[in-house]
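Inspection log for the structure reproduced underneath, given as structure tokens.
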Amino acid sequence: MSTMTEQPCYTLINIPTDTEPLNELQLKQDLEKGDVTTKIEALKKTIHMILGGERLPGLLMTIIRFVLPHQDHTIKKLLLIFWEIVPKTSADGKLLQEMILVCDAYRKDLQHPNEFVRGSTLRFLCKLKEPELLEPLMPAITGCLEHRHSYVRRNAVLAIFTIYRNFEFLIPDAPELIAKYLEGEQDMSCRRNAFLMLLHADQSRALAYLAACLDQVPSFGDILQLVIVELIYKVCLANPSERARFIRCIYSLLNSPSAAVRYEAAGTLVTLSSAPTAIKAAASCYIELVVKESDNNVKLIVLDRLIAMKDSPAYERVLQDLVMDILRVLGSPALEVRTKTLALAMDLVTTRTIEEMVQLLKKEVLRTAGGEHEDAGRYRQLLVRTLHACSMKFSDVAATVIPVLTDFLSESNEAAATDVLVFVREAIQRFENLRPLIVEKLLEVFPHIRSVKVHRAALWILGEYATSKEDIEAVMGRVRAALGELPLLETENKRQAGEKSTEDGNSQAAPTQLVTSDGTYATQSAFSATSARKKEEKRPALVQYMMEGDFFIGASLATTLAKLALRYKTLEDNIQKSNRLQAEAMFVMSSVLQLGRSGLPMKAMTHDDAERISLCLRSLACPTPLVQKVFTEGCRDALGRMLAAKAEEDSQNQKAKEKPGSIVQVDDAIQFLQLSRGSDLAGGAGDVFEQSLSAAVAGRPCASGDVPAPSVLSKVAQLTGFSDPVYAEALVHVNQYDIVLDVLIVNQTEDTLQNCTLELATMGDLKLVERPQPIVLAPRDFASIKANVKVASTENGIIFGNIVYDVSGAGSDRSVVVLNDIHIDIMDYIVPATCTDAEFRQMWAEFEWENKVSVHTTLSDLREYLAHLLKSTNMRCLTPEKALSGQCGFMAANMYAKSIFGEDALANLSIEKPLNRQNVPVVGHIRIRAKSQGMALSLGDKINSAQKEPQNKVVQTA
């Protein structure tokens with residue numbers, strides 16, 4: 001059986017879909033008798049019809065006779081496209097006789113006086129795959145190397161290169177010809193094309209030319225310098241002894257005016273040399289590129305290269321000295337660039353550079369304090385987290401960070417203030433020597449806090465760590481100032497009564513006469529003065545929260561006061577002072593409780609808050625040793641255990657990310673690159689081309705005892721039945737935004753199938769890029785057809801269609817074979833991701849699309865079902881392992897994933913199983929939330945389909 005060769009495609013043309021059906025006879029008349037404009041339009045329509053799958057053999061001779069002789073440049077451009085797509089061979093594979101006339105036209109265009117006509121014809125010849133057409137044109141093509149215009153010469157070099165690569169027998173002396181031409185060429189684009197040909201066709205000649213002009217390389221154009229860098233890379237890898245000869249040239253290219261040349265030179269330098277000076281020069285070049293380039297995509301790409309260098313222990317030591325240079329990238333306005341930069345800097349910072357880094361970050365914090373940009377708040381939050389990490393990693397700098405960060409508590413950015421309090425809470429627990437400083441700073445900023453959450457957390461920290469008599473008295477003073485006049489209910493009644501009396505008495509208020517600064521008289525009513533004064537009188541912050549119905553702050557205040565009073569009792573020897581503070585705390589609690597039950601606030605106090613305040617009152621009224629221990633020591637012990645567990649989890653994650661050291665023993669086996677699998681290649685500064693090639697062939701059958709690689713056959717979808725006249729199956733390749741269908745079509749009949757066409761359509765957010773071209777299948781023959789599909793979002797898509805064909809001698813009716821649907825799996829675009837609990841709750845509240853899926857499974861173990869769900873959905877469980885441990889009959893877990901398109905997917909699992917019954921399937925539901933409807937529905941469909949599959953036992957992972 002012979003395989004059908006795949007037709008090449010070089011030119012993408014937008015085909016209008018709203019055109020009327022065209023008449024071949026009318027097109028023939030327009031091409032014969034029309035004027036230039038009419039012929040141009042007719043030629044365009046002919047091209048569109050051929051691209052649409054029509055075969056117009058009757059128009060070929062018409063175009064040769066009546067259109068080809070025209071000298072109009074538009075017609076010549078269209079003719080080049082026409083000759084590219086028109087079938088040039090008959091059904092038996094022989095060249096059409098008419099193409100001899102076309103070949104003569106090519107020869108005349110190659111000798112045309114206009115350089116554009118010559119150059120475009122040479123470019124077109126690169127696309128021809130018929131050596132019979134090219135052979136008579138070779139003298140004219142080589143003659144174009146001596147043309148006066150560089151456009152013609154560089155396209156002539158390109159044409160010779162392509163012809164030599166495809167049909168070497170047509171011009172066997174091409175390398176020698178181009179090497180001789182290169183010696184006398186001065187134009188940079190022509191030299192680049194000639195050098196590129198020598199690089200791929202005859203490296204020895206390219207190397208000889210480079211050695212002759214090595215000192216002149218920095219003065220070459222960037223397009224030629226890029227090809228020279230590629231040659232040096234390949235030569236030095238093949239022959240390491242040549243490195244010393246060309247390393248100086250690579251160093252000089254690090255200062256090239258072109259960013260592309262500097263990027264490639266730095267990558268080549270890292271690959272060819274592991275000397276610290278070379279690594280430092282390459283890393284500095286990368287940093288300069290990130291700082292100076294304006295395109296964010298370029299910045300991210302170069303940052304990824306720096307991150308990859310950091311993963312190598314030998315390179316990491318050099319990059320640690322450049323951490324301050326890396327932080328210059330923070331000048332970029334893009335938040336994603338800043339995020340990667342700070343993460344890279346945190347991995348590289350050491351005790352030698354932490355002081356400078358903290359000083360720079362503090363300046364960044366102050367610089368962004370008044371920023372109005374939409375990402376300013378998120379950037380400040382990122383800086384706070386980075387300073388937090390710096391302080392936890394290097395305790396010496398915590399004292400200088402705390403004064404700067406506590407100023408964030410008075411800002412309106414609640415997210416950044418919350419992160420600051422998380423940092424303060426951890427710092428005050430871990431660094432005992434900093435506790436007086438932190439308490440002092442919190443007391444200073446306490447009156448200026450604007451958020452109820454921040455106030456609540458600050459009260460907890462002050463109540464827990466105000467351990468001296470002076471601190472406790474200062475905290476009580478701040479609390480009294482934040483509450484205003486007590487009792488709260490009486491004060492609020494006076495306020496409302498005063499406002500009411502002012503409103504009732506404004507009609508009787510007598511106007512008063514005032515003297516202005518310039519001596520004139522002005523009148524002012526008592527109503528306006530009183531109203532202005534009342535508007536200026538604002539409620540204290542804590543009272544305002546409670547009047548709006550948030551009495552959780554009242555319960556937190558009661559707990560804080562109970563801690564302070566019980567601790568003060570053990571510190572103060574004077575019973576009267578101790579009792580006075582205890583009574584004052586009880587007075588505040590009862591006042592809050594009375595206000596909550598009065599009905600004046602917008603929302604009534606909840607039973608939980610009332611019970612909490614009552615418990616604190618009883619604890620102060622009748623204190624016992626157990627109660628005192630719980631209030632004064634229990635919370636701090638719980639915080640210590642939580643931070644210890646978090647630190648242990650972080651250390652485990654860090655150890656999991658660390659790569660084992662590259663220790664080579666004397667009796668270790670030698671790895672031969674040509675004989676090794678792709679998995680044997682250690683990531684490092686090896687030949688990236690060889691690694692890519694080895695990774696591509698790593699799916700071949702492995703030796704006994706090895707773990708087999710995932711089979712490519714697992715992605716094959718059968719499209720037709722085995723008994724259909726045409727059998728088809730598709731191999732689905734998913735590559736981020738592209739889907740490539742490699743469809744195998746087999747003719748299972750004894751007839752020749754004419755115009756066998758694969759017709760595809762899509763459902764969902766998929767788009768077919770191009771229609772596959774019709775082919776001819778001989779009896780029992782087969783062919784492979786590729787189709788490209790673009791993906792725009794994370795949704796379950798369906799590709800469907802059919803195969804239509806004509807049977808020779810069977811009449812005019814076309815036969816149709818309907819194909820099975822190809823379902824595009826959403827899992828190909830979803831990757832596990834992680835976020836904080838606060839971010840999860842915020843996204844859960846913001847996302848408007850929710851999908852609730854009921855659990856239907858045969859699994860009877862809660863952890864087993866969770867593992868199966870995570871494996872099926874590519875989501876990551878955010879709930880800590882310790883929260884999931886144990887057997888209590890129910891489980892709740894949060895899961896999170898992101899798509900490659902930047903879409904977030906949240907899920908909450910709530911399942912249960914009766915403890916007193918064995919082998920009973922778990923029940924419950926899964927709630928999915930996403931920003932888009934398609935994401936929520938597609939993920940729900942995936943979970944439903946995963947539940948229907950046979951569920952094997954899943955190994956529980958720690």
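For the numbers below, each heavy atom of this structure counts, side chains included, while hydrogens, waters and symmetry mates do not.
Considering all non-hydrogen atoms of both residues, A833 and L878 come closest at O-CD2, 4.2 Å. Between A905 and L939, the closest heavy-atom pair is CB-CD2, 3.9 Å. In this structure, A936 and N851 approach most closely via the heavy-atom pair O-ND2, 3.2 Å. Contact record, A259 with E293: CB-OE2, 3.3 Å, taken as the closest heavy-atom pair. Among all heavy-atom pairs drawn from I830 and A897, the shortest one is CG2-CB, 3.6 Å. Residues K786 and V740 come closest through the heavy atom pair CD-CG1, 4.4 Å.
Counting only distance, with no hydrogens or angles, the side chain of K913 and the backbone of S860 share a donor-acceptor pair below 3.5 Å. In terms of modelled atom types and a separation under 3.5 Å, the side chain of Y315 and the main chain of V270 share a donor-acceptor contact. Although no hydrogens or angles enter the test, the distance criterion places a donor-acceptor pair under 3.5 Å between the side chain of T879 and the main chain of N894.
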In residues 326-337, what donor-acceptor pairs under 3.5 Å come from side-chain atoms, sequence neighbours left out?
residue	atom	partner	partner atom	Å
R328	NH1	E288	OE2	3.0
R328	NH2	E288	OE2	3.3
S332	OG	A334	N	3.4

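Sparse packing is recorded around CH2 of W849, with 12 or fewer heavy atoms of other residues, nucleotides or ligands lying under 6.0 Å away. The local environment of NZ in K393 is crowded, with over 12 non-hydrogen atoms from other residues, nucleotides or ligands closer than 6.0 Å. Residue-environment remark: NZ (K453) stays at or below the threshold of 12 foreign heavy atoms within 6.0 Å.
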Checklist entry - Going through the distances and angles, do R929 and E850 end up as a salt bridge (charged side-chain N to carboxylate O under 4.0 Å, His left out)? => result CA-CA 4 Å; R929 285 201 180 181; E850 180 174 316; 2.7 Å; yes
Item to check | Residues R262, Y286; criterion side-chain hydrogen bond (donor to acceptor under 3.5 Å, both in side chains); working and verdict | outcome: CA-CA 8 Å; R262 295 201 303 273; Y286 280 144; over 6 Å; no
Item to check | From CA spacing to verdict: side chain to side chain contact (heavy atoms under 4.5 Å, CB included), R425, L421 | outcome: CA-CA 6 Å; R425 184 186 65 184; L421 279 174; over 6 Å; no
Item to check | Stepwise side chain to side chain contact (heavy atoms under 4.5 Å, CB included) check, V853 with H925 | outcome: CA-CA 6 Å; V853 180; H925 60 269; over 6 Å; no
Item to check | Stepwise side chain to side chain contact (heavy atoms under 4.5 Å, CB included) test for V831 and N874 | outcome: CA-CA 6 Å; V831 293; N874 284 356; over 6 Å; no
Item to check | Test side-chain hydrogen bond (donor to acceptor under 3.5 Å, both in side chains) applied to H868 and Q947, step by step | outcome: CA-CA 9 Å; H868 172 73; Q947 292 186 132; over 6 Å; no
Item to check | E839 vs Y896, side-chain hydrogen bond (donor to acceptor under 3.5 Å, both in side chains): CA-CA, chis, key distance, verdict | outcome: CA-CA 11 Å; E839 292 170 343; Y896 178 53; over 6 Å; no
Item to check | CA sep, side-chain torsions, deciding dist, call: V302, Y263, side chain to side chain contact (heavy atoms under 4.5 Å, CB included) | outcome: CA-CA 8 Å; V302 181; Y263 176 79; 4.0 Å; yes
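Between the CD1 atom in I301 and the CG atom in L289 there is a gap of 11.5 Å [rounded to 0.5 Å]. Of the inter-residue distances, the one linking L383 atom CG with R367 atom CZ reads 8.5 Å to the nearest 0.5 angstrom. Put simply, CG on L303 and CG on L344 are 7.0 Å apart, with the number rounded to the nearest 0.5 Å. Here CD of E903 is found 5.5 Å from CE of M935. Values are rounded to the nearest 0.5 Å. To the nearest 0.5 Å, the span separating SG on C390 from NZ on K362 amounts to 11.5 Å. Expressed to the nearest 0.5 Å, how far CZ of R927 lies from CG of L906 amounts to 11.0 Å.
Side-chain atoms of V743 and L819, non-hydrogen and from C-beta on, never get closer than 4.5 Å to each other. Within the 4.5 Å cutoff, the side chain of L909 has heavy atoms near those of the L869 side chain. With a 4.5 Å cut-off on side-chain heavy atoms, R378 and L382 do not count as touching. A 4.5 Å side-chain heavy-atom check between C835 and M843 finds at least one atom pair inside the cut-off. Residues M891 and R863 form a side-chain contact, since some pair of their non-hydrogen atoms from C-beta on lies under 4.5 Å apart. Side chains of F552 and V452 form no contact here, defined as non-hydrogen atoms less than 4.5 Å apart. Between W460 and L639, the closest side-chain pair of non-hydrogen atoms falls below 4.5 Å. D304 has its side chain within reach of I307: a pair of non-hydrogen atoms, C-beta onward, lies under 4.5 Å apart.
Paired with M357 under the rule side-chain contact (heavy atoms from CB on, under 4.5 Å), one option of V397, L387, T386, T350 passes, and it is T386.
Between K931 and D904, none of the side-chain N atoms (NZ, or NE/NH1/NH2) sits under 4.0 Å from a carboxylate O, so this pair counts as no salt bridge.
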